[in-house]
Participant: 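Quick one: the structure is below, questions incoming.
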Amino acid sequence: MRQAFFARNTVTVARELLGAVLEATGPDGAMTSGRIVEVEAYEGENDPASHAGRGPTPRSEIMFGPAGFAYVYLIYGMHHCLNFVTENEGTPGAVLIRALEPLAGREVMTARRGVDSRRSQDRDLTAGPGRLCQALGVDLGWNGIPLTGDIPGPEHAPILRVGLPPKVPRVIEKTSRIGISQATEKLYRFLDPDSRCLSGTR
DNA sequence: GAATCGATGATCT
DNA sequence: GATCATCGATTCA
């Protein structure tokens with residue numbers, strides 16, 4: 001994907017990310033990848049559930065910058081969440097990656113997750129925003145890195161890339177976002193209902 | 001299978 | 001000092 005893909009309306013980008021491949025290469029050189037099956041859109045001023053909902057702060061500033069960068073933050077003191085910054089500079093927006101179907105690097109993922117490699121299911125690895133970050137090795141050190149090759153990035157930083165969908169979802173389901181108490185009327189959670197790797201109970 | 005609850009630290013007021 | 005875009009263990013069924 002090019003930067004222009006991300007520099008559009010946040011909800012549009014969120015929907016079109018479903019089915020796409022997310023590939024992560026850590027500082028250790030280990031590569032893991034997965035098919036995106038669940039995302040959420042977060043906007044700016046008119047979205048109180050968003051970190052950008054009440055103006056820029058040191059943490060959310062990146063959401064107000066140019067599209068095509070990773071926004072990573074720590075939640076509940078122990079889990080990381082990975083977002084893709086969207087929209088043009090000056091307009092805040094981001095898409096939270098909530099679930100993947102594991103593709104490459106399953107051994108690395110099971111090791112990072114600390115689960116039994118024989119008994120573990122795909123959903124134990126990458127169903128949920130915190131789980132998938134742990135499986136891909138994503139932490140605060142990944143915050144601010146570029147998502148596309150057309151943006152120059154730091155030398156020895158980890159690498160995140162987004163590729164075309166190997167399989168486009170048959171349908172896209174939309175629901176209220178998970179874990180928020182404000183703006184629950186917005187149906188900004190998008191998912192591939194055919195996937196067995198969705199977050200929450202299943 | 002569903003409901004409840006505590007862990008734990010960066011960020012913001 | 002309060003909040004939090006979550007997870008896993010525990011409990012009850």
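Convention: sequence-line order gives letters A, B, ...; per-chain numbering from 1. The structure presented is a predicted model; accordingly, all values stated were derived computationally and were not measured.
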Participant: Measure the CG-CZ distance between A:Leu191 and A:Arg15 for me, rounded to the nearest 0.5 Å.
Facilitator: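 Interatomic distance, A:Leu191 CG to A:Arg15 CZ, rounded to 0.5 Å: 10.5 Å.
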Participant: Classify A:Arg189 by what it touches in the nucleic acid, base, sugar-phosphate, or nothing, heavy-atom distance under 4.0 Å.
Facilitator: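 Touches nothing.
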Participant: Which residue, A:Gly77 or A:Arg59, contacts DNA chain B at a nucleotide closer to its 5' end, judged by nearest heavy atom?
Facilitator: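 Nearest-nucleotide comparison on DNA chain B picks A:Gly77.
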Participant: Using atom NE2 of A:His80 as one end and atom C1' of C:dC4 as the other, report the distance to the nearest whole Å.
Facilitator: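 It is 14 Å, rounded to the nearest whole Å.
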Participant: Separation of A:Leu96 atom CG from C:dC4 atom C1', in whole Å?
Facilitator: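 From A:Leu96 CG to C:dC4 C1': 13 Å.
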Participant: Do the side chains of A:Phe6 and A:Val95 get nearer than 4.5 Å, heavy atoms only?
Facilitator: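 No, too far: nothing below the 4.5 Å cut-off.
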Participant: Using whole Å, what does the distance between atom P of nucleotide C:dG8 and atom CG of A:Leu132 come to?
Facilitator: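 So the CG-P distance, A:Leu132 to C:dG8, works out to 12 Å.
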Participant: So, A:Thr148 and A:Arg2: side-chain donor and acceptor under 3.5 Å apart, yes or no?
Facilitator: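 No - no donor-acceptor pair under 3.5 Å links their side chains.
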Participant: Is the phosphate of C:dG8 approached by A:Arg123 (side-chain N or O, under 4.0 Å from OP1 or OP2)?
Facilitator: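 No, no such contact exists.
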Participant: Can you see if the side chain of A:Arg54 gets near the phosphate of B:dC12 - specifically, an N or O under 4.0 Å from OP1 or OP2?
Facilitator: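 No, outside the criterion.
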Participant: For residues A:Asp47 and A:Ser50, is any side-chain donor paired with an opposing acceptor at under 3.5 Å?
Facilitator: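 There is no such pair between these side chains.
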Participant: Write down the distance between CE (A:Met78) and C1' (B:dC5), rounded to a whole number of angstrom.
Facilitator: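 The answer, rounded to whole Å, is 12 Å.
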Participant: Output the single nucleotide from B:dA10, C:dA5, B:dC12 whose closest atom is nearest the side chain of A:Pro58.
Facilitator: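 Comparing B:dA10, C:dA5, B:dC12 against the side chain of A:Pro58, the answer is B:dC12.
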Participant: If we count only N and O atoms by modelled type, under 3.5 Å, do the side chains of A:Thr10 and A:Thr86 hold a donor and an acceptor together?
Facilitator: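 A:Thr10 vs A:Thr86: donor-acceptor pair found between side chains.
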Participant: Taking atom P of B:dG6 as reference, at what distance in whole Å does atom NE2 of A:His79 sit?
Facilitator: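 That distance rounds to 15 Å.
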Participant: Measuring from A:Leu125:CG to A:Glu101:CD, what's the distance to the nearest 0.5 Å?
Facilitator: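 CD of A:Glu101 is found 12.0 Å from CG of A:Leu125.
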Participant: Picking from B:dT11, C:dT6, C:dA5, which would you name as closest to the side chain of A:Thr57?
Facilitator: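 Selected nucleotide (nearest to the side chain): B:dT11.
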Participant: Can you establish whether the number of heavy atoms outside A:Gln3 located under 6.0 Å from its atom CD is more than 12?
Facilitator: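 Correct, the count exceeds 12.
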Participant: For A:Ile180, answer base if it contacts any base atom (sugar-phosphate contacts may also be present), sugar-phosphate if it contacts only those atoms, and nothing otherwise; contact means non-hydrogen atoms under 4.0 Å.
Facilitator: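 Here A:Ile180 touches the backbone only, sparing every base.
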Participant: Would you say C:dA5 has OP1 or OP2 under 4.0 Å from some side-chain N or O of A:His51?
Facilitator: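 So the side chain of A:His51 is within the cut-off, an N or O lying under 4.0 Å from OP1 or OP2 of C:dA5.
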Participant: What I'd like to find out is whether the side chain of A:Leu22 reaches to under 4.5 Å of the side chain of A:Leu136, using heavy atoms alone.
Facilitator: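 Of all side-chain heavy-atom pairs linking A:Leu136 with A:Leu22, at least one is under 4.5 Å.
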Participant: Going by heavy atoms closer than 4.0 Å, what residues in residues 67-76 of chain A are next to DNA chain B?
Facilitator: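 The answer is A:Leu74, A:Tyr76.
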Participant: Both distances under 3.5 Å, Watson-Crick or G-U wobble: on that basis, could you give the dot-bracket string for DNA chain C, with [ ] for crossing pairs and | for other-strand partners?
Facilitator: ||||.|||||||.
Participant: Can a side-chain donor-acceptor contact be found between A:Gln134 and A:Arg112 if the only test is distance below 3.5 angstrom?
Facilitator: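 Note: A:Arg112 and A:Gln134 side chains miss the donor-acceptor criterion.
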Participant: Between A:Leu82 (CG) and C:dC7 (C1'), how many Å, whole number?
Facilitator: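 Distance check: A:Leu82 CG to C:dC7 C1' gives 17 Å.
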Participant: Taking OH from A:Tyr42 and P from C:dC4, how many angstroms apart are they, rounded to a whole number?
Facilitator: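 Taking OH of A:Tyr42 and P of C:dC4, I get 12 Å after rounding.
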Participant: With heavy-atom distances below 4.5 Å as the criterion, would you say the side chains of A:Ser199 and A:Arg189 are in contact?
Facilitator: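 They are in side-chain contact.
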Participant: To the nearest Å, how far apart are A:Asn83 CG and C:dC4 C1'?
Facilitator: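 The distance from CG of A:Asn83 to C1' of C:dC4 comes to 14 Å, rounded to the nearest Å.
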